[in-house]
Amino acid sequence: MVEEEKLDAIVVGAGPSGTAAAITMAKAGLQVALVEKGTRAGAKNVMGGILYTHYLEQVVGEEWKNAELERPIIEEQRWMMTGQAAISFGYKNFRNREHPHSYSVLRAKFDAWFAAQAEEAGAFLIPETVVEELIVKDDRVVGVRTGREGDLHADVVVVCEGIGLGSRLLEKTLIGGKPLKKPLARNQAAMAVKEIVAMDPATIESRFNCDPGEGASVECYGDATRGLSGFMFIYTNKETLSVGGGALLSEMTDTRLSREELAKRAPNELLNHFKRHPAIKPLLQGGETVEYLAKMIPEGGYHAIPRLYGNGYLVCGDAAMLSNPVHREGSNLAMESGRLAGETVVHAKEKDDFGEAALREYRLRLDRSWIMADMKKYDKAVPLLEHNPQMLGKYPQLLDRALDEFFRVDGVSKWDKQSKILKMFRREGGLKMVRDTIKAAWSMK
Ligand SMILES: Cc1cc2nc3c(=O)[nH]c(=O)nc-3n(C[C@H](O)[C@H](O)[C@H](O)COP(=O)(O)OP(=O)(O)OC[C@H]3O[C@@H](n4cnc5c(N)ncnc54)[C@H](O)[C@@H]3O)c2cc1C
């Protein structure tokens with residue numbers, strides 16, 4: 001059907017960014033193909049994950065209420081861990097009962113539902129089809145070549161391929177002799193893994209202190225990742241837990257380390273280490289792992305953002321390196337950038353101009369949005385952790401020992417305890433810890 005025809009737009013990848021772009025364009029009456037390599041949208045997609053409904057609503061309106069979501073997140077827990085303790089901060093927000101803004105999701109279900117919305121809006125979903133290359137003619141992207149017979153042509157190609165080993169279209173495509181994106185540096189991405197653990201709903205609710213149907217998120221730092229820059233998580237779904245986490249690729253593969261040390265940092269080993277922790281083990285007891293998934297997360301910050309537009313193409317979501325790991329946000333940046341790209345193409349269609357100057361509107365809209373404001377704000381967050389390993393290693397241990405002393409009732413007077421804690425802080429770098437914490441907050445002002 002589409003072999004000889006020129007479409008208005010081709011979207012590569014039916015993740016949150018691609019589907020949001022496809023829905024936006026299809027709703028405006030454009031002819032859009034949404035090409036997805038999975039057997040169906042979401043088949044192999046990975047996310048923790050917590051999805052933010054505000055951005056979903058921007059794309060599908062009230063229909064978001066029928067989305068395949070798991071549990072509204074009523075409680076957020078953050079744990080700083082050492083080998084023998086967990087220092088926790090919890091926030092239970094009952095307002096989220098009336099107007100939840102964040103839900104746990106399973107991408108296999110959510111992406112399939114979201115892609116069906118794109119079809120409903122009029123987009124052609126083409127699953128089980130790998131886009132092998134972007135077709136470039138006279139320094140302009142004019143279509144895609146897939147594993148199937150016959151090229152697809154369009155006025156514009158919206159690249160939403162995510163990141164990872166299987167997502168290298170932009171790196172492979174040359175315009176003016178230059179690739180559209182540089183290969184990822186190892187400190188620009190985290191490697192993350194996740195298990196889906198089956199558990200009956202009543203057990204989930206009693207272990208995570210939730211009311212029926214409601215959910216919690218637990219995110220753990222420090223010893224949880226063996227001190228590496230990243231975090232581990234447990235998110236409650238309807239009948240499963242999502243258990244996983246990740247850390248900066250450069251730290252997992254640090255060539256200065258011995259083979260034994262590197263083995264301890266392997267993603268699967270980090271996950272097992274986390275699951276063995278005495279604060280985590282009882283939460284998972286009796287659960288059965290039914291799925292195991294791995295994927296990369298962009299963590300390069302504002303400076304790693306590649307060129308986002310050019311003659312005949314736009315780039316969104318993870319492929320555009322739009323992600324905020326400090327706030328575990330990625331799917332929302334993906335949906336919002338997809339929506340903005342879709343609106344830009346609709347304007348380009350009105351002007352019948354898909355050249356670089358017309359598509360620059362996308363970059364301008366991103367620059368004026370919260371997306372770029374957040375990308376700039378957290379640009380230094382990951383390098384800060386990377387260059388200060390004490391923040392997730394030595395400092396949590398120091399705090400743990402101070403709290404142990406404070407809470408232990410052992411015949412020592414409170415005056416003596418106080419002076420012991422102060423001495424320990426002075427001797428072991430407590431002042432530097434305070435300075436580093438202020439420096440970290442200042443660098444993200
Ligand atoms: C373990 C983990 C936990 C996360 N937790 C959260 C969270 O809690 N909250 C949050 O907001 N974000 C989270 N994220 C980030 C979030 O998953 C991403 O930011 C989001 O999925 C990006 O969407 P995307 O559409 O840009 O890319 P993707 O979701 O990666 O989608 C890309 C799509 O393109 C397809 N594709 C790729 N190449 C081709 C090709 N050549 N041809 C055809 N199809 C192709 C893929 O199959 C896929 O469907 C997490 C990520 C990971 C890995």
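Index from 1, following the sequence. Each ligand, and each atom within it, is numbered from 1 in the order the structure gives.
- Below 3.5 Å of separation, one finds no N or O of Val193 facing any N or O of ligand 1.
- Geometrically, ligand 1 and Ser331 share a nitrogen or oxygen pair separated by less than 3.5 Å.
- Using a 4.5 Å cut-off on side-chain heavy atoms (C-beta onward), Leu69 and Phe110 make contact.
- Considering both main-chain and side-chain atoms, Phe233 never comes within under 3.5 Å of ligand 1 through any nitrogen or oxygen pair.
- Within the structure, the closest approach of Glu132 to ligand 1 does not fall below 4.0 Å when heavy atoms are considered.
- Of all the listed residues (Met47, Met296, Lys44), Met47 holds the heavy atom that lies closest to atom 13 (C) of ligand 1.
- Between Lys27 and Val346 the shortest side-chain heavy-atom distance does not fall below 4.5 Å.
- For Thr344 and Arg365, the side-chain atoms include no donor-acceptor pair closer than 3.5 Å.
- For ligand 1 and Ile50, the ligand atoms under 4.0 Å from any heavy atom of the residue are 7 (C), 8 (O), 9 (N), 10 (C), 11 (O).
- The shortest N/O to N/O separation between Ser17 and ligand 1 falls below 3.5 Å.
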Exercise. Do Val35 and Leu152 pass the side chain to side chain contact (heavy atoms under 4.5 Å, CB included) test, and can you show the C-alpha distance, the side-chain angles, and the key distance before you say yes or no?
Worked result: CA-CA 10 Å; Val35 188; Leu152 293 177; 4.1 Å; yes
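- No cation-pi contact links Arg360 to Tyr362, judged by a cut-off of 6.0 Å to the six-membered ring centre and 45° from its axis.
- For ligand 1, the polar-atom distance check finds an N/O of Pro16 within less than 3.5 Å of one of the ligand's N/O atoms.
- When Gly48, Gly166, Gly42 are ranked by how near their heavy atoms come to atom 4 (C) of ligand 1, first place goes to Gly48.
- Inspection of the Glu195 and Thr289 side chains reveals an N or O donor paired with an N or O acceptor under 3.5 Å.
- The N/O atoms of Ala192, backbone and side chain alike, include none that comes under 3.5 Å of an N/O atom in ligand 1.
- Ranked by closest heavy atom to atom 28 (P) of ligand 1, the top entry among Glu219, Lys194, Arg107 is Arg107.
- Geometrically, ligand 1 and Arg328 share a nitrogen or oxygen pair separated by less than 3.5 Å.
- Side-chain polar atoms of Glu343 and Thr24 form no donor-acceptor pair below 3.5 angstrom.
- At a 4.0 Å heavy-atom cut-off, ligand 1 touches Ile297 through the side chain alone.
- Looking at atom 43 (C) of ligand 1, its nearest protein heavy atom turns out to be Lys37 N, 3.3 Å.
- Assignment of Cys160 to the shell around ligand 1 is supported, since a heavy atom sits closer than 4.0 Å.
- When only non-hydrogen protein atoms are considered, atom 37 (C) of ligand 1 lies nearest to Glu161 O, 3.2 Å.
- Contacts with ligand 1 closer than 4.0 Å are made by no heavy atom of Leu333, backbone or side chain.
- The closest side-chain donor-acceptor pair between His327 and Asp374, if any, does not fall under 3.5 angstrom.
- For the residue pair Glu386 and Ser229, no side-chain donor N or O sits within less than 3.5 Å of a side-chain acceptor on the partner.
- The shortest contact between atom 34 (O) of ligand 1 and any protein heavy atom is with Gly13 CA, 3.1 Å.
- If you check the side chains of Gln77 and Glu75, you find a donor sitting under 3.5 Å from an acceptor.
- Residue Val35 touches ligand 1 through its backbone alone, judged by heavy-atom distances below 4.0 Å.
- A donor atom on one side chain and an acceptor atom on the other are not found under 3.5 Å apart for Glu62 and Trp64.
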